[in-house]
There are 4 protein chains.
Amino acid sequence: MHEAADTARKSIGARRNPDSCVAILEAAEAVLAEAGYAGFSIEAVARRARAGKPTIYRWWPSKAALLLEVYQRQKRVAVPDTGNLEEDLVGFLQNLFAHWRDTSSGNVFRSLIAEAQSDRHASAALADYTGGRRAHTGQMVERAKARGEVALDVDAAVVADLIASFAWRHLLTDRLDEDEVTIRAAVRYVVHGISRDRM
Amino acid sequence: MHEAADTARKSIGARRNPDSCVAILEAAEAVLAEAGYAGFSIEAVARRARAGKPTIYRWWPSKAALLLEVYQRQKRVAVPDTGNLEEDLVGFLQNLFAHWRDTSSGNVFRSLIAEAQSDRHASAALADYTGGRRAHTGQMVERAKARGEVALDVDAAVVADLIASFAWRHLLTDRLDEDEVTIRAAVRYVVHGISRDRM
Amino acid sequence: MHEAADTARKSIGARRNPDSCVAILEAAEAVLAEAGYAGFSIEAVARRARAGKPTIYRWWPSKAALLLEVYQRQKRVAVPDTGNLEEDLVGFLQNLFAHWRDTSSGNVFRSLIAEAQSDRHASAALADYTGGRRAHTGQMVERAKARGEVALDVDAAVVADLIASFAWRHLLTDRLDEDEVTIRAAVRYVVHGISRDRM
Amino acid sequence: MHEAADTARKSIGARRNPDSCVAILEAAEAVLAEAGYAGFSIEAVARRARAGKPTIYRWWPSKAALLLEVYQRQKRVAVPDTGNLEEDLVGFLQNLFAHWRDTSSGNVFRSLIAEAQSDRHASAALADYTGGRRAHTGQMVERAKARGEVALDVDAAVVADLIASFAWRHLLTDRLDEDEVTIRAAVRYVVHGISRDRM
DNA sequence: TGCTAATCGAGACGGTACGTCTAGTCTTTTT
DNA sequence: AAAAAGACTAGACGTACCGTCTCGATTAGCA
């Protein structure tokens, strides 16, 4: 994460300056990491990035848009494939919690959810994003279905919803340090409930 | 929701004036209902309630405290007791969604969660509150255990967490109009997963 | 300047409590001495005196009234009588400057003048007070007239005005540490101007 | 004193907008004229000028700075040059009193002096200003010295001080309507006291 | 090669809200 | 009746951001 040079960035002609773009995204991430959502303001990002406010507003029409891009820039969480749904889901949640806990991603995503509660653009953007993620997480269930672990009439989207909801609430209530036992219990309750020999 | 009289409320001596207290809580609710979390400010509440800002700050140290009291003032959601866990939980979620949807409660609680992402007092207050609610919801599971529906080694708190998480995420992503089929599916997956003859 | 006892003063029945009166005046003086006019508020005095605000407002209708009483409670400056007008006036100014400098009187009187610029009660009270003082200071000139030092047609009130004005402006512009040479020069210019053999 | 147009003033780039500057100074003057020092608040000025409070604080760090600039913006008092010190000084005082009386200048300067009693910035600004004025007034005396009217060893600054003090006290005690006889008497006492053939 | 046009940093602008302070009024309780 | 206590409405304080605006400098691509 290289720092901005002492010499100010200038315009590079009649087109977007990628340096500024990167500097702003990195500054936004840094501000969120250091001061959290409370300290996240366009002013603070502009100050940190040594950028003008209009430059930010030009490319990101709302705080939400900036937050979303910052979040998407960060590395995705790996979706395990162990051949066993319970292990997959427990692994996924543990990876996700660790990712949220150890990087600024947790703060970014929390902020995005909070922002979505008062800003309709953020709300729409979040709905879009979560729609995509749900399908992604649902693949773990679909694979389990294909393996015969899970009943065929199970709605993978609902299962993905349950798992994602569990993750969200832990994020939003500062419980990302949940122990494996509890995570596994939650996952097992759901996995057992949808297993093939049950339904 | 009666309006304030033309004559200003005065002090009623060296003790809290319940009229002011009520007027402020009602104003807070009205502001949230009309302008949402984005327009919810102490100034706006004070203006609407014809109250001085210090009067609000005197009794509610933070926006979160005010939000929480507004939320708690609203009628509680009934916890059904049908003798069947699936029906209990489906009914509970439907009641909760309807309550959030049809009153301003949903907006209030969304705001509280959002506030908790940037204010540590809000965060603490919310943790406090959800702790209490978790035990409450868990009772449905405990009753089912007592009836023999649910395995004895099931952690009721984890189940309550799963259900509450599902509700929160629907609130936070504007999906309170979820159809019964989906709600029932989610509940069934969990209930089956913890049923006695399964574990 | 004894401090208030730990036990709160109580009402002594249907009449004014002199302890409260004294405590309030002393508190006002102490506040002015420590924080100056900037920190002088009825709230601050009430806090310091452990008195209720209404108790202050009952007896002193305005800040100015309180200031005036505080000022008048303080010891008067001696008016010298050396048999020579120049010495009298120089001595008087030196005494006055020292009094203002070394006690809280200076702050009190500055505050009173400042208050009089925005409060008509203060203005009236100050006019009243200065009227009395002018006559008082004028006596030094009248004595000099009687001694034949000063021409008979000199208006003692105008001379008193010149001297008092000089003192006020030094107070108001923080020049109470003026050296004797300058004070004497100012006095001499006036005294020579009114001496008998001149006019 | 033209009113602000209906269209709000906007920024004119990364530099001070003179329209705003003027609007604020005129608003400050108007507020002082209408409500006096008691009603003079940054809020009131901002409201009247249709300006944001931060715009005022950006350019005038304190109420005193604003008052001072309002005062200095108003036309200066003419310093007469009649070839006779008594006439010069009497004329100067009469001009000054009339200026203070007939414009809002008197209120502005009174306010500035009052403000200086509680605010060290005001105090410093006032000291600065009066320093300059003293030299200015002293020139009348210096001219008289050059003409041989006044003894050479007279300290012009002290004389200016006496005259200015006399003016200040009349301003501060609402005596700007003083008659010419009294003004002339005061001036004559001083002028005689310093005349060449006397000392 | 010189002109146009979009972008950059900078920072001022009118506003709104923050959380704190004081003003002056009020009522209850205690003496 | 008067004292203390402290709550009440009201509004100013000085600060932080909001989102918009205009500037002058910069540079690519069109003419």
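Letters go in sequence order (proteins before strands), and every chain restarts at 1. Below, all heavy atoms of this structure are taken into account, side chains as well, without hydrogens, waters or symmetry copies.
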*Between B:A44 and A:A51, which has a closest nucleotide on DNA chain E that is more 5'?*
A:A51

*Assign each of C:G52 and D:I42 to its nearest nucleotide of DNA chain F by heavy atoms, then name whichever residue's nucleotide is nearer the 5' end.*
C:G52

_Neighbours of DNA chain E within residues 55-70 of chain A, by heavy-atom distance under 4.0 Å_ = A:T55, A:R58, A:W59

*Would you say B:T55's side chain and B:A51's backbone share a donor-acceptor pair under 3.5 angstrom?*
no

*Taking only Lys NZ, Arg NE, NH1 and NH2, and the carboxylate oxygens of Asp or Glu, determine whether C:E115 and C:R110 approach each other closer than 4.0 Å.*
no

*Take the protein atom CZ of D:F40 and the nucleotide atom P of F:dG11, then report the distance between them rounded to whole Å.*
19 Å

*Closest to side chain of D:S41, choosing from F:dC8, F:dC13, F:dC18*: F:dC13

*What integer distance in Å separates B:R9:CZ from F:dA10:C1'?*
13 Å

_Short of 4.0 Å, heavy atom to strand atom, which residues of residues 106-124 of chain A count as contacting DNA chain F?_
none

*In whole angstrom, give the distance that lies between atom CZ of C:R47 and atom P of F:dA7.*
14 Å

*Round to the nearest Å and state the distance from A:R50 atom CZ to E:dG11 atom C1'.*
13 Å

*Could you label the plane-to-plane angle of the A:F109 and A:Y71 rings as parallel, tilted or perpendicular, counting under 30° as parallel and over 60° as perpendicular?*
parallel

_Quick check on side chain to side chain donor-acceptor pair (under 3.5 Å): which of A:R50, A:R9, A:K10 does A:S20 satisfy it with?_
A:R9

*Sugar-phosphate means primed atoms, P, OP1 and OP2; the rest is base. With that split, encode nucleotides 23-31 of chain F 5' to 3' as B, S or - using protein heavy atoms under 4.0 Å.*
S--BBS---

*asked:* Give me the atom names and distance for the closest heavy-atom approach of D:I24 to D:A49.
replied: CA-CB, 3.9 Å

*Any idea which of F:dC17, E:dC8, E:dA17 is nearest the A:S20 side chain?*
E:dC8

*Do B:R16 and B:W60 meet the cation-pi criteria used here (NZ or CZ under 6.0 Å from the six-membered ring centre, within 45° of the axis)?*
yes

*Using a strict 4.0 Å threshold on nitrogen-to-oxygen distance, state whether B:R73 and B:E29 make a salt bridge.*
yes

*Please check the phosphate of F:dA7 (OP1 and OP2 only) for any side-chain N or O of B:R16 closer than 4.0 Å.*
no

_Please check this pair: side chain of C:S104 against backbone of C:N107, looking for a donor-acceptor N/O pair closer than 3.5 Å._
no

*Any sub-3.5 Å donor-acceptor pair from A:N17's side-chain atoms to A:I12's backbone N or O?*
no

*Atom NZ of A:K53 and atom P of E:dG9: how far apart are they, to the nearest Å?*
14 Å

*Report yes or no: does A:K63 contribute a side-chain atom to a donor-acceptor pair with the main-chain N or O of A:L112 at less than 3.5 Å?*
no

*Please tell me which of C:E43 and B:G39 maps to the more 5' nucleotide of DNA chain E, matching each residue to the nucleotide holding its nearest heavy atom.*
B:G39

_When you measure from the side chain of D:Q117 to the backbone of C:L172, do you find a donor-acceptor pair of N or O atoms at a distance under 3.5 Å?_
yes

